[in-house]
Asks: 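Starting off with a structure, shown below.
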Amino acid sequence: RSQVFDAGDYFGIMQVEEVDEEEEGENMEEELKTKPNPGNEPCFKVIVTNENGLQASNPDSIFLIDHAWTYRIEHARQQLLHVPGLLHRMANLMGIIFHGEIPDEGSIEQVLQEMWKYNQTYQLSQGTAEEKVPVWYIMDEFGSRIQHSDQPSFATAPLFYMPQQIAYTVLWPLRDLETGDEVTRDYAYGETDRLIRKCVLLPWVPAEVLDVNCFTPEPSDEHYQAILAENKEKLPIAINPPVYDKDKVFKVFTDIQQVLNSLTHPRFVFTDNEGEADVLYNFSHFKDYRKLSEERPEVMLNQFPCENLLTVKDCLASISRRAGGPDGPRWLPRTFNLQTELPQFICYFQQRERRGEDNHWICKPWNLARSLDTHITNSLNNIIRHRESSPKVVCKYIENPVLFHREEVGMVKFDVRYVVLLRSIKPLKLYIYDVFWLRFSNRAFSLDDLDDYEKHFTVMNYAPGVTLKQVHCEEFIPLFEKQYPEYPWTTVQANIFKAFAELFEVASAKPAPLGICDYPSSRAIYAIDLMLKWDTSRDGKRIMQPQILEVNFNPDCDRACKYHPTFFNDVFSTLFLDETKNCNVTCIV
């Protein structure tokens with residue numbers, strides 16, 4: 001508040017010269033334990049210079065560190081290019097040689113690589129999904145030169161100062177210090193497990209983590225119990241499947257505008273009274289199945305207990321391992337949960353690196369949609385540090401996707417969205433809506449410019465000012481078959497449906513909470529996004545292998561309703577009336 005700049009009275013930044021082997025004395029052992037950022041010439045340390053030292057109990061021994069650069073990952077390159085002086089300052093801070101005034105690609109690339117040794121992160125706990133995306137920052141020259149130690153002398157934490165709307169880092173001593181003592185902090189603060197610490201510290205202390213097995217078995221039953229408890233979901237009691245008159249008109253309670261606007265089927269009417277509804281079609285997640293099953297077992301609803309096993313990315317990966325062994329099934333990109341499987345991931349990454357295999361990965365938050373906070377990288381440091389922001393999975397990036405030729409653009413990535421209708425778990429009854437949707441990238445695909453959204457992503461309808469390429473599936477199929485005459489769409493689609501069937505079979509193979517709960521009054525619709533990649537079959541043929549990317553709960557059906565006005569009539573008829581004739585659906589299980 002009073003703008004007192006007094007850190008200079010207490011601390012100094014010291015440049016450290018590397019000593020020749022011969023001159024190394026006995027005391028060098030100690031020095032190595034707090035090794036500065038390796039590879040960065042010259043090296044710096046922060047030391048206490050005040051002749052009285054610093055007392056941990058003194059309320060004045062608290063300092064603020066400014067942040068030199070605060071940004072979101074997707075804006076980093078543009079800011080280094082366009083913000084005057086930024087590249088120069090960052091290059092200096094990171095020990096990168098940068099001559100000249102005009103930002104050049106080479107220096108920008110180096111900063112984008114090196115910045116993962118300096119980055120810190122926080123996220124806002126309020127606001128829209130966009131506003132909650134993690135923010136990264138680099139402390140000023142003083143803060144960035146504080147080195148790591150396993151026995152740190154100081155601690156740091158970000159502080160958001162509301163009156164100025166600015167974040168600082170608070171620095172305070174953990175013990176009394178004398179003149180000449182080094183200021184250090186623990187770069188792996190909060191991690192107690194030795195192996196995890198070794199993994200987390202890899203960006204600064206390179207090591208081979210190969211004494212670990214890359215095998216990622218399915219998590220324990222307790223893991224699934226914990227997820228259930230965390231979701232505050234109460235499982236239903238066993239009920240008998242309800243029986244209805246064959247011409248009953250059902251009262252529907254819903255808060256989904258698309259349903260209110262387009263459901264016109266004569267056997268459904270809307271009600272504003274949740275208590276008298278026969279069908280609950282809710283936008284948000286239903287939690288208390290127990291109460292519903294005890295008091296109103298005949299009420300049908302549009303979700304299943306434990307369906308998050310499909311719709312949350314880390315759970316999707318773990319249940320999919322029930323099909324296809326330790327590497328998971330062929331229809332799911334190799335996935336690791338960065339919170340629980342970091343050593344296995346690093347081991348796998350390093351093995352691929354040694355074999356010279358492609359190592360592009362995509363980091364995704366467990367539970368955000370629309371590609372928010374999703375990053376493609378081939379930098380191990382980058383992935384390890386991303387673990388500090390929000391819970392993430394890392395999936396093998398599809399480096400050889402099947403591409404689609406767009407006249408004005410070239411060969412672009414595309415993904416396909418199918419709507420699947422889950423009628424019941426026991427017996428498993430799964431339908432596919434006969435119309436599928438396509439999304440295309442706006443720039444020709446190549447494995448570079450990893451932060452170029454329009455080259456690597458297909459979700460365009462949420463990005464402002466970006467064109468959205470629409471191709472209806474009926475137009476797409478002949479175009480696709482013309483480009484790939486040896487791959488008739490019926491064959492490709494049969495493989496896609498086979499993957500969907502396998503996914504739902506493993507998702508319902510175990511009782512809740514290890515699988516989707518068999519609740520007879522539940523029904524659901526999900527959207528499955530997938531891509532095709534080139535693969536080799538067991539007999540050496542080149543095949544298009546479906547890759548399931550995600551399963552979405554309560555998908556946005558805007559396009560469906562616009563182009564197919566009967567969409568919700570078909571869905572309701574299939575799910576709640578068991579009438580599928582003329583409903584544009586195909587039963588696949």
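Sequence positions, counted from 1, serve as the residue numbers for this chain.
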Asks: Is NZ or CZ of Arg322 both nearer than 6.0 Å to the six-membered ring centre of Tyr224 and within 45° of the ring axis?
Replies: yes

Asks: With a 4.5 Å heavy-atom cut-off, do Phe345 and Leu380 have their side chains touching?
Replies: yes

Asks: Whether the side chain of Ser318 engages the backbone of Cys315 through a donor-acceptor N/O pair (distance < 3.5 Å, no angle test) should be reported.
Replies: yes

Asks: Please examine the side chains of Cys557 and Ile525, heavy atoms only from C-beta on, and report whether any two atoms are closer than 4.5 Å.
Replies: yes

Asks: Would you check if the side chain of Lys396 reaches a backbone N or O of His360 as a donor-acceptor pair within less than 3.5 Å?
Replies: yes

Asks: Any side-chain heavy atom of Tyr281 sitting closer than 4.5 Å to one from Phe268?
Replies: no

Asks: When you check the gap from the basic side-chain N to the acidic O, do Arg355 and Glu357 get nearer than 4.0 Å?
Replies: yes

Asks: If only atom types and distance count, is the side chain of Ser537 paired as donor or acceptor with the main-chain N or O of Ile543 below 3.5 Å?
Replies: no

Asks: Please list all pairs meeting salt bridge (Lys or Arg N to Asp or Glu O under 4.0 Å) that have one or both residues in residues 477-503, counting only residues at least two apart or in different chains.
Replies: none

Asks: Compute the ring centroids of Phe436 and Trp489, then answer whether they are less than 6.0 Å apart.
Replies: yes

Asks: Report yes or no: does Asn554 contribute a side-chain atom to a donor-acceptor pair with the main-chain N or O of His285 at less than 3.5 Å?
Replies: no

Asks: Which atom names give the shortest non-hydrogen contact between Cys363 and Leu338, and what distance separates them?
Replies: SG-CD1, 4.3 Å

Asks: Between the side chains of Glu114 and Asn381, is a donor N or O closer than 3.5 angstrom to an acceptor N or O?
Replies: no

Asks: Are Trp136 and His75, when compared by the centres of their aromatic rings, separated by less than 6.0 Å?
Replies: no

Asks: Taking only Lys NZ, Arg NE, NH1 and NH2, and the carboxylate oxygens of Asp or Glu, determine whether Lys392 and Asp373 approach each other closer than 4.0 Å.
Replies: yes

Asks: Taking the six-membered ring where the residue is Trp, are the ring centres of Phe480 and Tyr484 under 6.0 Å apart?
Replies: yes

